[in-house]
Amino acid sequence: VKAERQSYPVYLGSGFDSSVYRRALLGLPMSRIFLVCDSNLFAFHGQRIESNWISTGRSVETLVIPRGERRKSAATIGHLHDWLIARGAKRDDLIVACGGGVTSDLAGFAAATLYRGVRWGICATTVLSMADASIGGKTGINRRAGKNLIGAFWQPSFVIDDLEWLSTLPPREFRSGTAEIIKSSGLAGGRLFKLVRDWSELGFQTDHPGLRQILELTVRYKGSIVARDERDTGLRMVLNFGHTIGHAIEQSLSYRKLTHGEAVILGMIAALGVGERSGSAKSATLVTFSKVLYRAASQLPAVRLSLQDIARSVVVDKKRKTTKYRFVLIERPGRPVVCEIERSMVVSAIRHMLKEYQSL
Ligand SMILES: NC(=O)c1ccc[n+]([C@@H]2O[C@H](COP(=O)([O-])OP(=O)(O)OC[C@H]3O[C@@H](n4cnc5c(N)ncnc54)[C@H](O)[C@@H]3O)[C@@H](O)[C@H]2O)c1
Ligand SMILES: [Zn+2]
């Protein structure tokens, strides 16, 4: 992944031994390693990960943090900093997040702020973190007023994605991450789109032999966007596809009942609805993309959603402009466009999405 100050490697494979861990450390100072591990991940894979790091010859300390989005807080950051300082962490030491997006957002923010910035790396252990959260250097925490309000751009020195870790991921978490892959396939088009289409025809099974390649292309796609807009001032906005209404759905449910990825699937269906209503004719590949989305949506739990609540939540979206809404639409896979649309169109797209969801 290319970034302004440094590029960094992403190691993607299955059943890695310590040689990959050693390679990840090449060029970094000979320092201590502080592992910050998610508690679920640690129960399943902690010992193996720890021993792989230990066999690189470094001194390794581990902190296990309780799982859950609720822990992505200032309190946990304080705890992390205190732990690092008490253990005598130096500026040259390395922090390694081992877990999903919650862990990397937390450990990355701790790394960005400890002594004004120490190096860090990521062992990404969920589909969502491999496909999305580990790429691009956004780190941060939530506040009561909203998610991810506090944070920093701080690029990791490496990312390790071992597909074996995914074998223990709860199916619903797996599917939630799949939503971001589907999103990228719609934005990127090309080979990634074809591979995801084929995978959808097989019901998005979790042991799909093509998953490694799909993840590789997803990482490459997000990496290419981030390289061109590291600080999220323009182009990176396309990654928000499906998220304007997706976030509104999550908020309307007080972040319960549907996972982030599940809400994003519905958000993307709504966004396709906006596209249709804005008059552009649907290309054949866009029809195929919508079939991929419907296959993913057919795996969603049945939840009662309210048009009014969702529409109300879109109003307070961060991306709001005065009277019009900035929306990422897809003309066809591989061709995203950013549009300004009227509120009435947003509401009718939500209505359309709800009808489709209820008829699944
Ligand atoms: N920084 C970014 O660019 C970015 C992008 C997207 C999302 N995010 C953030 O990522 C977070 C969501 O990430 P997530 O979906 O990975 O959630 P998560 O980190 O909470 O992990 C999901 C669940 O899986 C468990 N888990 C992790 N690895 C496991 C494994 N291998 N086996 C079994 N269980 C395992 C965790 O304990 C947790 O219960 C959100 O906070 C979101 O804001 C950040
Ligand atoms: Zn997302």
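Computation of the quantities below employed the complete heavy-atom set of this structure, encompassing side-chain atoms and omitting hydrogens, waters and symmetry-equivalent molecules. Atoms within each ligand, like the ligands themselves, are counted from 1 in listed order.
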Quick one: do S313 and D309 satisfy side-chain hydrogen bond (donor to acceptor under 3.5 Å, both in side chains)? Show the steps, please. CA-CA 6 Å; S313 302; D309 290 351; over 6 Å; no
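Tested against I141, the residues T76, L106, N148 include a single side-chain contact (heavy atoms from CB on, under 4.5 Å) partner, L106.
With respect to atom 5 (C) of ligand 1, the closest heavy atom belonging to the protein is A133 CA, 3.5 Å. Atom 6 (C) of ligand 1 has its closest protein heavy atom at D132 OD2, 3.5 Å. Nearest protein neighbour of atom 22 (C) of ligand 1, counting heavy atoms only, is E173 OE1, 3.5 Å. Ranking the protein heavy atoms by distance from atom 14 (P) of ligand 1 puts G101 N, 3.5 Å first. Annotation: atom 37 (O) of ligand 1 to nearest protein heavy atom, D38 OD1, 2.7 Å. Remark: minimum distance from atom 43 (O) of ligand 1 to any protein heavy atom is reached at K72 NZ, 3.0 Å. Nearest protein heavy-atom contact of atom 24 (O) of ligand 1 is L169 CD1, 3.9 Å. Counting protein heavy atoms only, atom 28 (N) of ligand 1 is closest to T125 OG1, 2.8 Å.
The atoms of ligand 1 that sit less than 4.0 Å from any heavy atom of R67 are 37 (O), 39 (O). Near G100, the atoms of ligand 1 lying under 4.0 angstrom from a non-hydrogen atom of the residue are 16 (O), 19 (O). Each of the following atoms of ligand 1 lies closer than 4.0 Å to a heavy atom of T168: 30 (C), 31 (N), 32 (N), 33 (C).
Distances from atom 21 (O) of ligand 1 to the heavy atoms of L239, I135, D232, T126 show the closest one on T126.
Among the atoms of E180, an N, O or S atom is found under 2.8 Å from the Zn ion (ligand 2).
Contacts between L128 and ligand 1, counted as non-hydrogen atom pairs separated by less than 4.0 Å, involve the side chain only. With a 4.0 Å cut-off on non-hydrogen atoms, K138 touches ligand 1 through its backbone as well as its side chain. The part of K222 lying near ligand 1 is the side chain, judged by heavy-atom distances below 4.0 Å. Only the side chain of E69 comes within contact range of ligand 1, with a heavy atom under 4.0 Å; no backbone atom does. Contact annotation: for N142 versus ligand 1, there are no heavy atoms closer than 4.0 Å. Under 4.0 Å from ligand 1, the heavy atoms of N148 that appear belong solely to its side chain.
The pair R67-D38 does not meet the salt-bridge criterion, since no charged nitrogen lies less than 4.0 angstrom from a carboxylate oxygen. Salt-bridge annotation for D93 and R119: absent, with no side-chain N of the basic residue lying under 4.0 Å from a carboxylate O of the acidic one. In this structure, R236 does not pair ionically with E230, as no charged nitrogen and carboxylate oxygen lie closer than 4.0 Å. Electrostatic pairing of D232 and K138 counts as a salt bridge here, judged by a charged N lying under 4.0 Å from a carboxylate O. Taking the charged nitrogens against the carboxylate oxygens, R256 and E250 have no contact shorter than 4.0 Å, which rules out a salt bridge.
Under the 3.5 Å distance criterion, with hydrogens and angles disregarded, no donor-acceptor pair is assigned to the side chains of E173 and T126. Between the side chains of H45 and E164, no donor-acceptor pair is found at a separation under 3.5 Å. In the model, R23 has no side-chain atom that pairs as donor or acceptor with a side-chain atom of Y11 under 3.5 Å. Side-chain contact, H260 with S176: no donor N or O sits under 3.5 Å from an acceptor N or O. A donor and an acceptor atom, one from each side chain of T288 and T285, are nowhere located under 3.5 Å apart.
Here H260 contributes NE2 and H243 contributes NE2, and at the Zn ion (ligand 2) these two atoms make an angle of 100°, given to 10°.
Checked against a 3.5 angstrom limit, the closest N/O atoms of T139 and ligand 1 fall outside it. At least one N or O atom of D105, backbone or side chain, sits closer than 3.5 Å to an N or O atom of ligand 1.
Residue contacts with ligand 1 leave out R236, since none of its heavy atoms falls under 4.0 Å from the ligand.
One N or O on the side chain of N52 and one on the backbone of S18 form a donor-acceptor pair closer than 3.5 Å.
The OG atom of S184 sits 14.0 Å away from the CZ atom of R220 when rounded to the nearest 0.5 Å.
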